[in-house]
> 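Please see the structure below; I have some questions.
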Number of protein chains: 2
Amino acid sequence: MQVRRVTVRSRKCEVILPDEDVTQAAHSPTIVDVATRAGVSRATASRALGHYGRIAPATIKRVEQAAEALGYRPNELARAMRIGITKTIGLVIITDFTNAFFDRVTKAIVDEAKLHGYQVLITNTDEDSEIERQAVETLLEKQVDGLIVVPSLSKNYDHLGAAKLGGRPIMLIDRRLDNLPFTAIITDDFAGAQNAVRHAISLGHKRLGFLISAASVENVTAQRPAELVSTVFDRTEGFLRGAFDAGIKRSDQHWIFCEDEPKSSEAAVASLLDRPNPPTIIFTSNNDMALAVLKVAGNRRLTIGRDISLVTVDDSQWAAAIVPGITVIARPVEEIGRLAVQRLLSEIADPGQPTEIVVLPTTLIARDSVANLYLEGFRSS
Amino acid sequence: MQVRRVTVRSRKCEVILPDEDVTQAAHSPTIVDVATRAGVSRATASRALGHYGRIAPATIKRVEQAAEALGYRPNELARAMRIGITKTIGLVIITDFTNAFFDRVTKAIVDEAKLHGYQVLITNTDEDSEIERQAVETLLEKQVDGLIVVPSLSKNYDHLGAAKLGGRPIMLIDRRLDNLPFTAIITDDFAGAQNAVRHAISLGHKRLGFLISAASVENVTAQRPAELVSTVFDRTEGFLRGAFDAGIKRSDQHWIFCEDEPKSSEAAVASLLDRPNPPTIIFTSNNDMALAVLKVAGNRRLTIGRDISLVTVDDSQWAAAIVPGITVIARPVEEIGRLAVQRLLSEIADPGQPTEIVVLPTTLIARDSVANLYLEGFRSS
DNA sequence: CCAGTTTGCGAGAACGATCTCGCACTGGTG
DNA sequence: CACCAGTGCGAGATCGTTCTCGCAAACTGG
């Protein structure tokens, strides 16, 4: 990459010191410096600034003035080491963009944490279980007070067990982890998916396509893989149940499982559209797949919401703004983040609460990407 | 919000201890525990695990086995305090979604940092200068080794000066900060914008609309506000220069400055389209504005790339996938993040390097949202 | 066989905060 | 005047590491 570099000024290091005292420009002042300047001991200075213990009001004032003059800022590391609380939580997450989960939940977590005086150490696992293990370990070494984890697909959860061992609580978000006694904040993806199918059927759709993202699959397959991330699993089950309840025949259910690669998912969409009796609507398990539908449909000059219908999971600004608006199963992503922080902090303050799985409801936002086939029939007659 | 709660199991606390030693289940083992078990002193244990100093190979093995058996994990807090390095950098950023800057750059920074053994403490300022001040202060108290900051619009940079005081380096990203001697990684938004106008003009566009987001403006105005974020400022200048170079009359340049609110920006778009001689193309300074164009055009049954053209800044997956694809001024967001981390770590390792402003080039990705008016003219004739 | 070097290890001092303890001083009371 | 409670403050321990220093044992060579 070509880079244009502009040197603005060679740093001349003319820094305005907070006080006339230039003797120690290098190291930032400690509480000893404050104490010396105020003419008291370390202990008294600490009491004065921490407002605890027995101390004369006049001394407090003197110490505070000294601290102010020196520009004293406490070393949170030392403080944390002494009192055993870092006021920091670790976030182990999978940074993927299209689903607008990572960014929304991260913002919610960071903001909610700050509201309670906590900072967030963030790590990305890229859906790799080994990286996740290391990330958890590193965060624990950094002495975080608790962890929020989007668990990656894995069979081995030893590292999460070890996490408990340190006595520090963990909250799982977005995905369930069966057989693990942790609190999890998830969404009711089963009901959401079921509901979406019901909606489509009410608009006259009878041949349904399901485009399911599956990390464990290579390329594309019609065979349902044994392993699915819990969210995708639940969506799949919900779609299935919706179709079953409406009495849709198996031959009118077009299932495709495919890896999260543009090429694969676009091929999958194409294969759906090329079938003899193609589906009139495609349900996608995430936004990557939905974008593939948009792309392939666009290339074929098919109009979404007329020639082919679409429903996906997770709302986004573009889904609302484009024409036609995309009908989505919206999940309360910010609520997940906020709840996770609140419960984590509650668990930190008061450990030993019973674990539970909190399931937040989803909302179907009906826009125009699902055609009303009754209306179409009426129109064409 | 209604919540379905499912208590999975009341934690029965049957934790498998890493060793038969049950005497101290509460506190995680320290190096003293390891030393005791290995029958050596603290110092020797530290040497064995840290692989430094003079130590017998047999002792190393004994200590390592003890550490393994106890499940010893070093306390990074204590370590950091002793050696004065936390291996943590602070990220002060504005979490906004539509521009796909926050999430992409965050991922890049987190990943690049991890590559070098660093963790990232993240804070959100919501474009508020006072919050930014506090965030920087908190991060410095947490003893981060350096800071990466997306500076919020402000006149007061005292807190950034104070940051230097602690001797810890800062990297600015995304936005320039004039008059401040910091290294900044930004993009060539001027050239990018100029180039985009040139492209449009080459396709026959002569009446140009510019929709500029301006935080300091209330609602909508045609008056250019005195204060613009540097990125938006540069884009504005670039648009202006492109129009000037092509000899576009002032009366054919339709400028609108508006706050970052859907209502305002949609009103702004409407007012552009309602003019007597409306622009054939709208350049937007960010994706919020672009989505407003999509929405209003959709409501009016105008087709993007035919009835009205559109160019915006920052590429995204949806801009590539929808029909028509949106022509964008793509910025190397990941490169910004990576470079920022690299230079920050370099500055941490070897302080006193000259500051400079690094300007990364943008790329115009031409898709179909810009109509070829020559072709149109040809077609309609 | 002894002086000198090398080797392995432990005692103790940091890092910067908090917190317990007890000392000295004040002032009130019998 | 003696006693006691209360007040303000400082000495020192502590959190869990790392690192300097010096000591003793082992090894070397003349």
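Chain letters run A, B, ... following the sequence lines, proteins first, then strands; residues in each count from 1. Since the model is a prediction, treat every value here as computed from it, not as a measurement.
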> Please tell me which of B:A45 and B:M81 maps to the more 5' nucleotide of DNA chain C, matching each residue to the nucleotide holding its nearest heavy atom.
B:A45

> Quick one: A:R73 CZ to C:dA17 P, roughly how many Å, whole number?
11 Å

> Nearest-Å distance, CG (B:L49) to P (D:dC19)?
13 Å

> Separation of A:K142 atom NZ from D:dC15 atom P, in whole Å?
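For the pair A:K142 NZ and D:dC15 P, the rounded distance is 23 Å.
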
> Is any side-chain heavy atom of A:M171 closer than 4.5 Å to one of A:V149?
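They are not in side-chain contact.
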
> Counting heavy atoms from C-beta on, name the nucleotide in D:dG16, C:dG8, C:dA17 closest to the side chain of B:N75.
D:dG16

> What is the separation between atom CG on A:L77 and atom P on D:dG16, rounded to the nearest whole Å?
14 Å

> Distance check needed: C:dC15 P versus B:I85 CD1, whole Å only.
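Rounded to whole Å, this separation is 16 Å.
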
> Nearest nucleotide by nearest heavy atom, which residue falls closer to the 5' end of DNA chain C, B:R42 or A:T30?
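In this pair, the answer is B:R42.
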
> Going by atom types only, do B:S152 and B:E127 share a side-chain donor-acceptor pair under 3.5 Å?
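Side-chain D/A pair, B:S152 to B:E127: absent.
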
> Heavy atoms from C-beta onward define the side chain here; which of C:dA17, C:dG8, D:dG16 lies closest to that of B:A56?
C:dG8

> Do A:Q353 and A:S346 pair up side chain to side chain, a donor and an acceptor below 3.5 Å, judged on atom types alone?
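A donor-acceptor contact under 3.5 Å links the two side chains.
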
> Taking NE2 from B:H51 and C1' from D:dC19, how many angstroms apart are they, rounded to a whole number?
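Those two atoms, NE2 and C1', are 17 Å apart.
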
> For nucleotides 20-27 of chain D, read 5' to 3', which letter fits each nucleotide if B means a protein heavy atom sits under 4.0 Å from the base, S means only the sugar-phosphate is that close, and - means neither?
B-B-----

> Measure from CD1 on A:I60 to C1' on D:dT7 and round the result to the nearest Å.
13 Å

> Check whether any side-chain N or O of B:T36 sits under 3.5 Å from a backbone N or O of B:V34 as a donor-acceptor pair, and report yes or no.
no

> Can you find a side chain N or O atom of B:S41 that sits less than 4.0 Å from OP1 or OP2 on C:dG10?
yes

> Take the protein atom CZ of A:R79 and the nucleotide atom C1' of D:dC15, then report the distance between them rounded to whole Å.
14 Å

> Is there side-chain contact between A:T86 and A:Y118, with heavy atoms separated by less than 4.5 Å?
no

> Are B:L344 and B:P169 packed together at the side-chain level, in the sense that at least one heavy-atom pair is separated by less than 4.5 angstrom?
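Of all side-chain heavy-atom pairs linking B:P169 with B:L344, at least one is under 4.5 Å.
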
> Minimum heavy-atom separation for A:A340 to A:I173, with atom names?
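Closest pair (atom of A:A340, atom of A:I173, distance): CB-CG2, 3.5 Å.
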
> Just call it for B:V32: base, sugar-phosphate, or nothing, with non-hydrogen atoms closer than 4.0 Å on any strand.
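Touches nothing.
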
> Hey, is the side chain of B:T59 poking within less than 4.0 Å of OP1 or OP2 on C:dC9, counting only N and O atoms?
yes

